[in-house]
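All chains are named by letter (A, B, ...) in the order of the sequence lines, taking the proteins before the strands, and each is independently numbered beginning at 1. No experiment lies behind these values; they were computed from the predicted model shown.
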There are 2 protein chains.
Amino acid sequence: MYCDELDHVQAHKVSRNFKKNQSLFLEGASPRGVYCINEGMVKLFQRGDEGKEQIIRIAKAGEIVGFKSLFNEIPYQVTAETLEESNICFIGKEDFLDMMDANPILRKAVIKELSHELSDREDFITNMSQKSVRERLAFTFIILQKIYVKEPINLSREDLANFVGTATETLIRLLKDFKEEGIIEVHTRKISILNKEKLLFIAGK
Amino acid sequence: MYCDELDHVQAHKVSRNFKKNQSLFLEGASPRGVYCINEGMVKLFQRGDEGKEQIIRIAKAGEIVGFKSLFNEIPYQVTAETLEESNICFIGKEDFLDMMDANPILRKAVIKELSHELSDREDFITNMSQKSVRERLAFTFIILQKIYVKEPINLSREDLANFVGTATETLIRLLKDFKEEGIIEVHTRKISILNKEKLLFIAGK
DNA sequence: AATAAAAAATGATTTATATCATATTTCAAA
DNA sequence: TTTGAAATATGATATAAATCATTTTTTATT
């Protein structure tokens with residue numbers, strides 16, 4: 001779902017700059033509205049029992065985060081945190097819900113978005129339970145390339161591991177394998193994909 | 001989301017009996033409508049690359065399945081199959097979408113249901129990536145008890161394993177452990193929970 | 001009731017991945 | 001430019017869980 005679907009309500013928007021690693025909202029807090037990313041990137045994650053993050057989604061400029069919980073009437077189950085300096089606008093809960101009531105197009109967009117995300121999560125579950133870490137890493141790179149489009153992927157090893165759902169050490173070892181196989185190119189934090197076909201092959205189906 | 005929210009449209013309903021292990025719809029097929037379970041139980045699963053099922057959800061009498069894909073405009077990503085003899089009614093896509101346009105209460109119910117399911121799946125992902133099979137089995141029993149309420153859980157070992165996301169042999173061994181620890185009672189296929197507290201403790205958080 | 005087929009159970013073995021320990025590199029701040 | 005801390009990397013080891021093989025039990029069918 002995209003911010004521009006909310007363009008006709010500029011009036012309601014309050015835009016703000018966020019530094020890197022700043023939280024938009026925290027797991028357990030009460031939802032107050034939705035966040036529209038004008039610039040930057042945001043990771044959404046859940047913390048497991050031992051505090052380890054599981055990244056559920058990475059949202060980029062143009063995308064909206066935090067609206068799922070508006071309809072849930074329960075606290076956020078995920079934390080949203082910037083991955084880089086970002087400019088993000090906020091739309092209050094009441095405003096957003098009013099807009100939805102008034103605007104069938106927005107309504108359809110929300111429903112469609114929720115459905116899409118639901119499908120994504122279901123695929124994620126099946127991948128998580130049936131694929132090896134190597135396969136999941138390949139799949140993760142495919143996803144990340146859609147997010148980082150033409151610029152190199154820029155995530156810490158830990159974030160990458162927390163997206164794939166593995167230990168940081170395991171991730172680092174696999175990164176080395178992929179590098180040696182000529183699938184990726186690594187410059188410190190910046191990872192470029194050299195062979196997408198091979199990634200698709202490794203990821204399977 | 002519950003069938004009774006659709007009660008005012010009885011006219012549109014076409015009810016039908018399903019035998020055990022019959023499919024309502026298949027992964028890859030085009031969505032034609034939603035299914036309302038009057039009686040019985042339905043498993044929703046995805047098949048992984050090697051054909052192993054990952055059960056995503058088990059729906060019981062009163063629940064609706066298959067509406068996510070209506071808004072997706074893409075084929076079903078899961079298969080729905082009865083776990084026992086069932087009576088299920090079908091509501092065509094057009095009818096359902098019309099009803100949604102006309103009925104704000106139904107609309108809100110759909111949105112709320114999608115949000116809830118999305119939260120469930122996200123928890124599922126975190127559990128899958130951070131918990132041991134033993135912990136996940138405990139958690140699965142908590143979920144199953146909400147579905148089977150007062151009757152014993154009645155699933156094949158394979159289905160149980162495919163819900164937990166593990167090998168059937170591993171599941172069987174854990175079942176034995178739980179039995180020996182007095183957490184569950186097993187009569188062939190029927191499993192009763194004796195100690196919910198302990199399950200909650202094992203499942204964590 | 002007898003028989004076959006499917007499901008469940010058990011045992012032995014392998015393997016992927018986590019964990020723990022330590023070294024090296026990168027990066028930010030003084 | 002030095003210094004310290006955080007991030008990354010590598011090695012050694014442990015272990016949960018998968019896999020493979022076989023047996024036993026349950027269920028359905030004649």
Side-chain angles (χ1 to χ4, degrees), chain A residues 19-21 43 48-55 83-85 126-140 152-180 184-191 202-204, chain B residues 19-21 43 48-55 83-85 126-140 152-180 184-191 202-204:
Chain A
K19 280 179 244 158
K20 191 177 169 178
N21 300 323
K43 67 171 169 176
D49 291 358
E50 284 102 52
K52 187 178 162 69
E53 297 177 7
Q54 175 60 49
I55 296 181
L83 285 167
E84 52 189 60
E85 267 193 54
T126 306
N127 277 341
M128 201 61 105
S129 90
Q130 303 199 357
K131 298 201 177 196
S132 66
V133 177
R134 181 179 159 88
E135 289 166 323
R136 268 146 50 206
L137 177 58
F139 187 74
T140 301
I153 294 158
N154 188 357
L155 285 172
S156 72
R157 302 293 189 264
E158 198 180 352
D159 279 339
L160 250 181
N162 291 341
F163 200 9
V164 173
T166 189
T168 306
E169 296 94 323
T170 302
L171 179 111
I172 288 169
R173 281 177 244 264
L174 283 167
L175 229 47
K176 195 185 173 190
D177 292 348
F178 278 22
K179 210 163 49 184
E180 284 169 2
I184 57 170
E185 193 178 55
V186 179
H187 290 107
T188 62
R189 261 175 71 114
K190 300 197 169 150
I191 301 170
I202 294 167
Chain B
K19 282 180 243 157
K20 190 176 169 178
N21 299 323
K43 67 172 170 177
D49 291 358
E50 282 102 52
K52 188 178 163 69
E53 296 177 7
Q54 175 60 47
I55 295 181
L83 285 166
E84 50 189 62
E85 268 192 53
T126 306
N127 278 341
M128 200 63 104
S129 89
Q130 302 199 359
K131 297 203 176 192
S132 65
V133 177
R134 180 179 160 89
E135 290 166 322
R136 267 147 50 204
L137 177 58
F139 187 74
T140 301
I153 295 159
N154 187 358
L155 285 173
S156 71
R157 302 292 188 264
E158 199 180 351
D159 279 340
L160 251 180
N162 290 343
F163 200 8
V164 173
T166 188
T168 307
E169 296 94 321
T170 302
L171 178 112
I172 288 169
R173 281 177 245 264
L174 284 167
L175 230 45
K176 195 183 173 191
D177 292 347
F178 279 22
K179 210 162 49 182
E180 284 168 2
I184 57 169
E185 193 178 54
V186 179
H187 291 107
T188 61
R189 260 175 72 114
K190 300 195 169 150
I191 300 171
I202 294 168

Starting from [atom2] on [N], measure out to [atom1] on [X] and report it in whole angstrom.
X: A:Leu83; N: D:dA7; atom1: CG; atom2: P; answer: 14 Å
X: A:Asn162; N: D:dA7; atom1: CG; atom2: C1'; answer: 14 Å
X: A:Ile172; N: C:dA18; atom1: CD1; atom2: C1'; answer: 14 Å
X: A:Asn154; N: C:dT26; atom1: CG; atom2: P; answer: 15 Å
X: A:Lys190; N: D:dA7; atom1: NZ; atom2: P; answer: 17 Å
X: A:Arg157; N: C:dT24; atom1: CZ; atom2: P; answer: 18 Å
X: A:His187; N: D:dT8; atom1: NE2; atom2: C1'; answer: 16 Å
X: B:Lys179; N: C:dT10; atom1: NZ; atom2: P; answer: 7 Å

>> Need one value for A:Ser156: base, sugar-phosphate or nothing, where a base atom within 4.0 Å counts as base even if backbone is also close, heavy atoms only.
In response: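 The residue A:Ser156 makes sugar-phosphate contact but no base contact.
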Original post:
Quick one: does A:Arg136's side chain have a donor or acceptor within less than 3.5 Å of a partner on A:Lys131's backbone?
Top reply: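 Between the backbone of A:Lys131 and the side chain of A:Arg136 there is a qualifying donor-acceptor contact (under 3.5 Å).
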Worksheet item: B:Gln130 side chain to A:Lys52 main-chain N or O, any donor-acceptor pair under 3.5 Å?
Response: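 Yes: the side chain of B:Gln130 pairs with the backbone of A:Lys52.
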- B:Leu175 vs B:Ile191, side chain to side chain contact (heavy atoms under 4.5 Å, CB included): CA-CA, chis, key distance, verdict: CA-CA 9 Å; B:Leu175 230 45; B:Ile191 300 171; 4.2 Å; yes
Legend entry - Note: B:Lys190-B:Glu185 ion pair, threshold 4.0 Å (strictly below):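 Looking at B:Lys190 and B:Glu185, the cut-off is not met.
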Just checking, any donor-acceptor pair under 3.5 angstrom between side chains of B:Ser129 and A:Gln54?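 There is such a pair between these side chains.
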Worksheet item: Can a donor-acceptor pair be found between the side chains of B:Asn154 and B:Arg189 at a distance below 3.5 Å?
Response: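 Their side chains do contain a donor-acceptor pair, which is all the 3.5 Å distance test asks for.
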Nucleotide by nucleotide, nucleotides 11-27 of chain D touches protein heavy atoms under 4.0 Å in the pattern (B base, S sugar-phosphate only, - none) BB----SBBB------S
